[in-house]
Visitor: 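Shown below is the structure under consideration.
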There are 4 protein chains.
Amino acid sequence: MTVLSLRPQAIPGRRERVRKATQRKADELLQTAAALMAEKGFEATAIRDVGRKLDASLAGMYYYFKSKEELLYQIQYRTFASLLQAQQQIAERPGTPKDRLRRLLIGHLTFFTSHPNEMKICTYELESLTGEYYNTVLELRRRYYRLMADLVAQLMTGPARKARASAHSRRVTLFVFGMLNWAFTWYSQAKDGTAEKLGGEMFDLVINGIGLEPLNR
Amino acid sequence: MTVLSLRPQAIPGRRERVRKATQRKADELLQTAAALMAEKGFEATAIRDVGRKLDASLAGMYYYFKSKEELLYQIQYRTFASLLQAQQQIAERPGTPKDRLRRLLIGHLTFFTSHPNEMKICTYELESLTGEYYNTVLELRRRYYRLMADLVAQLMTGPARKARASAHSRRVTLFVFGMLNWAFTWYSQAKDGTAEKLGGEMFDLVINGIGLEPLNR
Amino acid sequence: MTVLSLRPQAIPGRRERVRKATQRKADELLQTAAALMAEKGFEATAIRDVGRKLDASLAGMYYYFKSKEELLYQIQYRTFASLLQAQQQIAERPGTPKDRLRRLLIGHLTFFTSHPNEMKICTYELESLTGEYYNTVLELRRRYYRLMADLVAQLMTGPARKARASAHSRRVTLFVFGMLNWAFTWYSQAKDGTAEKLGGEMFDLVINGIGLEPLNR
Amino acid sequence: MTVLSLRPQAIPGRRERVRKATQRKADELLQTAAALMAEKGFEATAIRDVGRKLDASLAGMYYYFKSKEELLYQIQYRTFASLLQAQQQIAERPGTPKDRLRRLLIGHLTFFTSHPNEMKICTYELESLTGEYYNTVLELRRRYYRLMADLVAQLMTGPARKARASAHSRRVTLFVFGMLNWAFTWYSQAKDGTAEKLGGEMFDLVINGIGLEPLNR
DNA sequence: GATGAATGAGCTTTCATTCAT
DNA sequence: TATGAATGAAAGCTCATTCAT
């Protein structure tokens, strides 16, 4: 590393600056769109409104994405991909299945509390996508489902309980997703505490619910 | 046929017959609208499409309701009122709190399996209502929430556990609603059995989850 | 026929009157659209402009046809079907092949002088149609081509000239259509006389051109 | 390589090289634009599409011409000017009027077969130009018309036929242009042979058609 | 009761064109 | 010489709603 190498980093070329600004604008756009769509739904949100909120022209929006559906797709794809990656890392960290379930629940809720709009859209607007868009996001969703479902199945089919538990675990997984996803409608940091606390309570309910001992903590 | 049958109730006058036919048509309309709105969402459903599906004219629809929003309101109001009434009766039947929770869960799921479209709309489209419409349905929803919440609170604040349980019960109630409402997205009679069975599993999870003994059965 | 039968004709019901008025409006619409499209081309003509010219709202236009392309299709289909039928009748009337060619040329030009806009659109805007619309009109066009082509072939393959004439007749037919269709760009009743006269001159050129004696007249 | 080659013409300066490269690019652009416009029409062709086909940026296109209309004008002007010049030279070559007509027809069709897109645009898109653009191209077109019209008039007003022939010659000229211009819609080298052959057939039809003896050949 | 006809408002999308760099 | 970013204008189309009958 010579002193010279500082230059490109310290004084980025115009090209580079422009690229970054554009990227920033695209991100801002996705975020604003997500906020509006989370509030009013995809159908009821007009691209005009997104533009208005950003002081950008309607036509200008189309410089950044090529259709309204593609915008929705971008939101869902990025969010889901990011969630999936984060949760996969969390699941891979060492620990018992119970530990991992607990971390996943908290991880999900943490992600949700920092990106509530995007998560709401992922949860409720998959059906607004069609064709390839739909299939691609559906695939991510399925992988995320499997992550949780495998863990639940593992917990429920421990040594002593093989028999009917496995047939049951699909529904327990879906109960868990129900608890997680419904949180959009009521969660309030003030009333309900942190994602960590909420996730802990959910974990306890489930672990007890399926007849296992909760963690010592 | 006895003479009694000559009485007006038995041979209704034209007026009465017409009123009934109108009522029947209105019901059909609500049901069809519910089916379409459940499938595509309120915003994305055009009154035209409802008419088309019933072989009725577009303008004709406006004889039965005065705006699209009113149509949505009718669906939600009737469904919620009917659900609430049914569940209140169920809750009033004798039995322990545990019994009653179990019956409510099963009652809810049974109602849902026989009116999935209407229930889906109640669950997801409250925010599409405004003003008085919104407030009226919200009030029903709150009453329904209380019905369940009170029972959960009662179960969680039994003799030995007063302390922290009560602070907790709000969230348990909402977990329960999450499990119930999310069922829209996955329940299949073929895969998951009857509402009774599903409700039973949910009940077991919750009762165990909050540290109570399940029912003897 | 009794006197009673006069009534329905003399005092048509409201239903009937409305139907006729609607039909009249639809025809007017097609005619106005044809005028604009003939002047500026299909692409460059806005439905808005058609509406404006008729003092009808933009949305109102869509009560009468379901897309801009369908409007273009209607114009072309009706015009071509009408021309084809008229010319088929003309071709079937008794006479020598020469007589019939003469009548067809005059018939074509007569039709053109009374529906110049529609004919121009048929001539230049087939490629603006797609899918079924395109295929249907193309089929009419082909039938019309055959009507003329068969006659030309017949004239050119008389007793003494079978040999190379038939190979040639395709192009002569297309030369004829060129003369007919190009007339859009220059024909003026004042300068060039009636369709009858113009058709006569064209006939003479062609008949002489292919080495036959003109008609005695 | 002689010393002479050192002269500026032989080793062009940077300026000169750049000018040529620009010229080459502009030509490529005109050609590509002509191809697209011939296929889809002027209105329906987007400058974007031209750029895309050349891997050039949209904004970059505007370095070479200042508006879409100017692009269309360039195509028409260059093509017409070039055709006119070529045909004037052909007309000036020695020979009888018949010879000259024959050469002109073949010349026209030859030019058309080597620049079908440009010719199609000249034929069908004059009306898409306005103001000065329109007038300038119209003037070229008129000069071209006169070239042909004068010749036809000369042929038709030979010694024995002065009388009605001259009144007639306008229409014969326009019949000829009809045959020539309509060829866009059907000419196929495979089916119809060379421009020379096609022009010959057209010549024969016309010469016979107006009652003259064809050339001996 | 029911409907044919009509419309205002609004939506998504496209496009020619500009401008700073 | 060339382009990324941006926009005003306008297009096709849809939809909830009305109204005379």
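In this text, all values refer to a predicted model and were calculated from it rather than measured experimentally. Within every chain, numbering begins at 1; the chains are lettered A, B, ... in the order of the sequence lines, protein sequences first and strands thereafter. Values reported hereafter were calculated over all heavy atoms of this structure, with side chains retained and with hydrogens, waters and symmetry mates removed.
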Visitor: Which is more 5' along DNA chain F, the nucleotide nearest B:K68 or the one nearest C:L58? Just name the residue.
Guide: C:L58

Visitor: Between the base of F:dA10 and the side chain of C:R48, is one N or O donor paired with an acceptor at under 3.5 angstrom?
Guide: no

Visitor: Whole-Å distance between E:dA16 C1' and D:F42 CZ?
Guide: 10 Å

Visitor: Can you measure from CD (A:E28) to NZ (A:K53) and round to the nearest 0.5 angstrom?
Guide: 11.5 Å

Visitor: Want to settle it: does B:T22 or A:E43 sit nearer the 5' end of DNA chain E, counting the closest nucleotide to each?
Guide: B:T22

Visitor: Please report the interatomic distance CD(D:Q76) to CG(D:L126), rounded to the nearest 0.5 Å.
Guide: 5.5 Å

Visitor: Taking CG from C:D55 and C1' from E:dA6, how many angstroms apart are they, rounded to a whole number?
Guide: 14 Å

Visitor: Distance check needed: F:dA2 P versus D:E28 CD, whole Å only.
Guide: 11 Å

Visitor: In this structure, how many angstroms lie between the P atom of E:dT14 and the NZ atom of D:K40, rounded?
Guide: 12 Å

Visitor: Which whole-number value in Å describes the distance from C:Y63 OH to F:dT18 C1'?
Guide: 14 Å

Visitor: Take a 6.0 Å sphere around OH of C:Y64 and say whether it holds more than 12 heavy atoms from other residues, nucleotides or ligands.
Guide: yes

Visitor: F:dA5 P sits how many Å from A:F65 CZ, rounded?
Guide: 15 Å

Visitor: Which comes earlier along DNA chain E counting from the 5' end, the contact point of D:R52 or that of B:K25, where each point is its nearest nucleotide?
Guide: B:K25

Visitor: Looking at C:Y62, I want to see if its OH is surrounded by more than 12 non-hydrogen atoms of other residues, nucleotides or ligands under 6.0 Å.
Guide: yes

Visitor: Under a 3.5 Å cutoff, is there a donor and acceptor pairing between the side chains of A:S128 and A:E125?
Guide: yes

Visitor: With sugar-phosphate meaning primed atoms plus P, OP1 and OP2, does B:A59 contact a base, only sugar-phosphate, or nothing at under 4.0 Å between heavy atoms?
Guide: base

Visitor: Atom CE of D:M37 to atom P of E:dC15: distance rounded to whole Å?
Guide: 13 Å

Visitor: For F:dC13, does either OP1 or OP2 sit under 4.0 Å from a side-chain N or O belonging to C:Y62?
Guide: yes

Visitor: For DNA chain F, just give me the dot-bracket, please: Watson-Crick or G-U, both distances below 3.5 Å, ( ) intra-strand, [ ] crossing earlier pairs, | paired with another strand, . unpaired.
Guide: .||||||||||||||||||||

Visitor: Any side-chain to backbone donor/acceptor pair from B:E43 onto A:E43? Under 3.5 Å, distance only.
Guide: no

Visitor: Give D:Y64 one of three labels, base, sugar-phosphate or nothing, depending on what nucleic acid heavy atoms sit under 4.0 Å from its own.
Guide: sugar-phosphate

Visitor: A:I47 has an atom CD1; how far is it from atom C1' of F:dC13, in whole Å?
Guide: 17 Å

Visitor: Taking only residues two or more places apart in sequence, or in another chain, which ones meet D:D27 in a salt bridge (Lys or Arg N to Asp or Glu O under 4.0 Å)?
Guide: D:R78

Visitor: Pick the closest DNA chain F nucleotide for A:M61 and for B:T45 by heavy atoms, then say which residue is nearer the 5' end.
Guide: A:M61

